[in-house]
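Contents: one structure, followed by commentary.
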Amino acid sequence: MENERLARDIIVEGIVQGVGFRPFVFQLAKRLELYGEVANTADGVAIHLEGTSEAIRTFVKDLAEKSPPLSYITGISVSEGKLNGFTSFGIAPSRPDIHKSTLISPDAAICDACLKELFTPEDRRYRYPFINCTHCGPRYTIIDDIPYDRPNTSMKHFVMCEKCQAEYDDPTDRRFHAQPNACTYCGPHVFLHDAKGSRILSTDPIRETILLLKQGHIVAVKGLGGFHLAVDAARSDAVIRLRKRKGHEEKPFAVMSKDLERISAYAVISSEEHKLLTSSQRPIVLLKKREPHPLAEAVSPENAYFGVMLPYTPLHYLLLDSDFVALVMTSGNLSEEPIAIENFEAFERLGGIADYFLVHNRDIYLGSDDSIVRHAADATRNLRRSRGFVPRPVFLRDRQPQVLGCGAELKVTACLTKGNQAFLSQHIGDMENPTTYSFFKQTVSHLERILDIHPEIIAHDLHPDYLSTRYALEEREAQSRIAVQHHHAHIVSCMAENRIDGPVIGLAFDGTGYGTDGTIWGGEVLLADAKAFQRLAFLDPVPMPGGEAAIREPWRMAVSYIVEAFGTDFPIQEIPALRSLEPEAMRTVLQMIQKGVRCPLTSSLGRLFDGVACILGLKQTVRFEGQAAMALEMAAKDGIKEFYDYRQMTEIPIKVPTRPIIQGVVRDLWDGVPTEVISGKFHATVIEFFSGVCDVVATQTGVRRVALSGGVFQNAILLKGFIASLTRRGFEVYTHSQVPTNDGGIALGQAVVAAASVS
Ligand code: ZN
Ligand code: ZN
Ligand code: FE
């Protein structure tokens with residue numbers, strides 16, 4: 001009987017609240033002539049439907065396929081319901097216990113409909129910088145507590161006017177229950193302040209700001225997740241001044257352009273990159289520079305890429321409604337401190353940097369930096385997973401207890417798990433100062449509150465001195481605290497995002513990680529599962545003269561590898577790049593190596609890259625970790641197949657000697673082989689060598705799955721090369737995509753390891 005009336009109860013789980021889901025359900029039901037009701041519940045959204053089986057089938061199909069842009073469905077369950085004889089479809093009031101386990105949406109870029117209104121002179125929100133709807137706008141950064149209702153957001157200070165309230169109450173309106181709904185009349189506003197924080201009276205602060213930027217001024221602009229420091233990216237003087245005031249920072253500055261056409265003037269955009277740029281997450285996308293280009297050299301010095309994003313708030317669109325090719329939009333902070341979010345805080349912290357401040361009175365409750373992604377080796381690689389992605393969960397293969405992973409020291413994120421979901425926090429930064437540490441603590445408790453997670457198991461790095469470790473040991477009540485080795489966490493993080501369990505061969509290549517033997521690891525081949533690991537191969541450790549100092553001064557590593565390769569009698573002046581060094585400093589370092597004083601041992605591959613970069617004359621000192629290694633990657637010529645001699649060993653654990661590689665590099669240097677060829681050969685050698693190690697390990701263990709993780713895999717030549725080489729040898733290769741391969745992803749691995757070791 002086709003026309004028989006049936007009843008069905010449907011539960012939809014995922015990010016389904018605060019994203020326009022109920023109006024969508026309401027309209028879908030109306031269109032299909034289905035009766036019943038929809039309500040928000042503790043589990044998500046509950047729908048009761050009455051109608052023909054045909055209509056119900058279409059409904060369920062469309063539910064999954066046509067759901068609103070910001071919704072994210074993790075499960076739909078359909079069960080038989082009771083016929084109640086509904087004669088219409090309605091939106092039922094939410095139940096009081098709601099939202100406890102529903103997910104909150106990340107912040108999202110302005111949608112097309114709102115953008116259109118923004119630039120329509122007849123619209124009542126024409127040029128209003130806080131226009132938003134259920135399909136777009138702030139979420140995570142303005143929430144203080146659950147449930148996600150206006151009183152729990154920073155919009156609580158604004159009372160909706162009649163017109164806004166009418167939209168908010170109308171189930172057919174795009175702004176039905178849009179918590180940040182506002183207009184010129186009732187919502188937040190922007191204000192211009194001078195360098196001292198005094199308000200400058202202006203009828204149009206945004207147009208005023210555009211003029212100031214044109215004159216070359218530095219303006220701190222309050223955005224969605226915090227302040228940016230903005231300057232005209234085409235003005236060298238302005239960009240250089242910004243670098244000076246930010247403490248001579250050398251990291252590339254991100255830029256923002258109005259549209260793809262303008263970006264094309266200075267960067268190359270592939271179709272994949274096009275998709276990333278225009279996605280609702282609006283991350284910074286690394287794009288290959290066009291040469292020549294109209295932007296200042298100081299925007300992204302010594303780098304083949306620009307970090308580029310499209311505007312994502314109405315305020316950005318208004319600022320870029322001008323003839324700038326691009327604006328520098330770099331995080332509003334002093335070097336390694338967290339991004340500034342409050343007005344008075346910005347006046348204080350950024351007062352010495354910015355000439356002016358464009359602020360607003362919608363509070364940001366939780367800072368969230370821009371995310372950074374790139375397309376490399378045929379996939380999206382998330383290098384910094386933050387605004388736009390957080391707090392969307394990573395789905396795990398298995399359910400696990402509630403755990404908190406505290407991260408390591410650099411690029412820290414925290415991770416909370418619940419069921420089969422892992423929630424990574426936004427980017428917190430390098431946790432080496434009290435400000436970043438308190439931001440970390442604030443973020444963890446905020447996430448625990450809005451996700452309703454109360455972990456009894458705390459996972460931390462093995463390093464005793466990291467602030468994240470101290471937090472786990474000294475500031476938390478917990479049933480169990482579990483120390484997880486850094487590289488084990490890296491590999492398990494990669495396994496977790498790929499939803500595989502062990503054992504795998506893990507190539508963990510990065511800068512620094514505390515080893516179980518107290519030395520510094522970083523060039524490791526592990527046989528790992530979630531519970532445990534064995535260290536099967538590693539770079540033969542060399543001294544790190546001066547410890548941490550050797551990270552900031554790669555020339556120290558260069559000397560260390562040279563001594564390892566040629567002995568202490570080697571005439572260092574024979575390496576042109578080392579000739580200009582202070583003889584006194586050089587002598588001290590040589591003595592340190594000989595006597596083994598202040599020389600921790602390291603097997604780090606990151607350090608080997610640093611050392612080789614220095615030997616080739618690319619970088620003697622660096623301003624941020626990985627800078628020298630990056631220079632080496634940039635210098636490499638594509639497609640070099642030759643490699644340096646090495647000895648393949650078969651006895652586990654394999655200690656990989658760096659000696660033959662360094663000897664080969666130096667010989668080529670003396671023979672006048674171009675830097676790009678030497679760098680290319682060096683990359684090829686690392687790939688060839690460690691692929692060979694995988695063969696050896698596979699023969700002895702039978703394991704044919706390889707997981708790649710660690711900061712060194714941000715190097716696209718290595719990533720691509722290893723995938724190709726290992727695949728050719730018949731391995732299944734797993735890499736990071738949604739979770740960073742650097743230490744920004746490590747908290748996930750820690751949480752999964754801890755869960756496995758208590759079960
Ligand atoms: Zn919108
Ligand atoms: Zn209003
Ligand atoms: Fe690491």
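One-based numbering, in listed order, for ligands and for the atoms of each. What you are looking at is a predicted structure, and each value in this text was computed from that prediction instead of being measured. Residue indices begin at 1 and follow the sequence shown.
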Inset, instruction - May I ask you to check whether H360 and F191 place their ring centers less than 6.0 Å from one another? - result: no

Inset, instruction - Verify the ring-centre separation between F440 and Y471: is it less than 6.0 angstrom? - result: yes

Inset, instruction - Look at the side chain of N181 and the backbone N and O of C164, then say whether any donor-acceptor pair between them is shorter than 3.5 Å. - result: yes

Inset, instruction - Examine distances only and state if a side-chain atom of T602 and a backbone atom of S604 form a donor-acceptor pair shorter than 3.5 Å. - result: yes

Legend entry - Validation row: L726, L708 side chains within 4.5 angstrom (heavy atoms): yes

Inset, instruction - Cation-pi check, R535 to F538: give yes when NZ or CZ is under 6.0 Å from the six-membered ring centre and within 45° of the ring axis, no otherwise. - result: yes

Inset, instruction - Give a yes/no verdict on a cation-pi contact between R392 and Y72, requiring under 6.0 Å between NZ or CZ and the six-membered ring centre and an angle within 45° of the axis. - result: yes

Inset, instruction - Using 2.8 Å as the cut-off, note every protein N, O or S atom close to the Zn ion (ligand 1). - result: C111 SG, C114 SG, C133 SG, C136 SG

Inset, instruction - State, without any angle test, whether H736 and N382 hold a side-chain donor-acceptor pair at a distance under 3.5 Å. - result: no

Legend entry - Among F689, Y734, F713, ring pair (Phe, Tyr, Trp, His ring centres under 6.0 Å) partner for F722: F713

Inset, instruction - To 10°, measure the SG(C161)-the Zn ion (ligand 2)-SG(C164) angle for me. - result: 110°

Legend entry - the Fe ion (ligand 3): protein N, O or S atoms [distance under 2.8 Å]: H486 NE2, H490 NE2, D510 OD2, D743 OD1

Legend entry - C415 vs F423, side chain to side chain contact (heavy atoms under 4.5 Å, CB included): CA-CA, chis, key distance, verdict: CA-CA 5 Å; C415 177; F423 299 90; over 6 Å; no

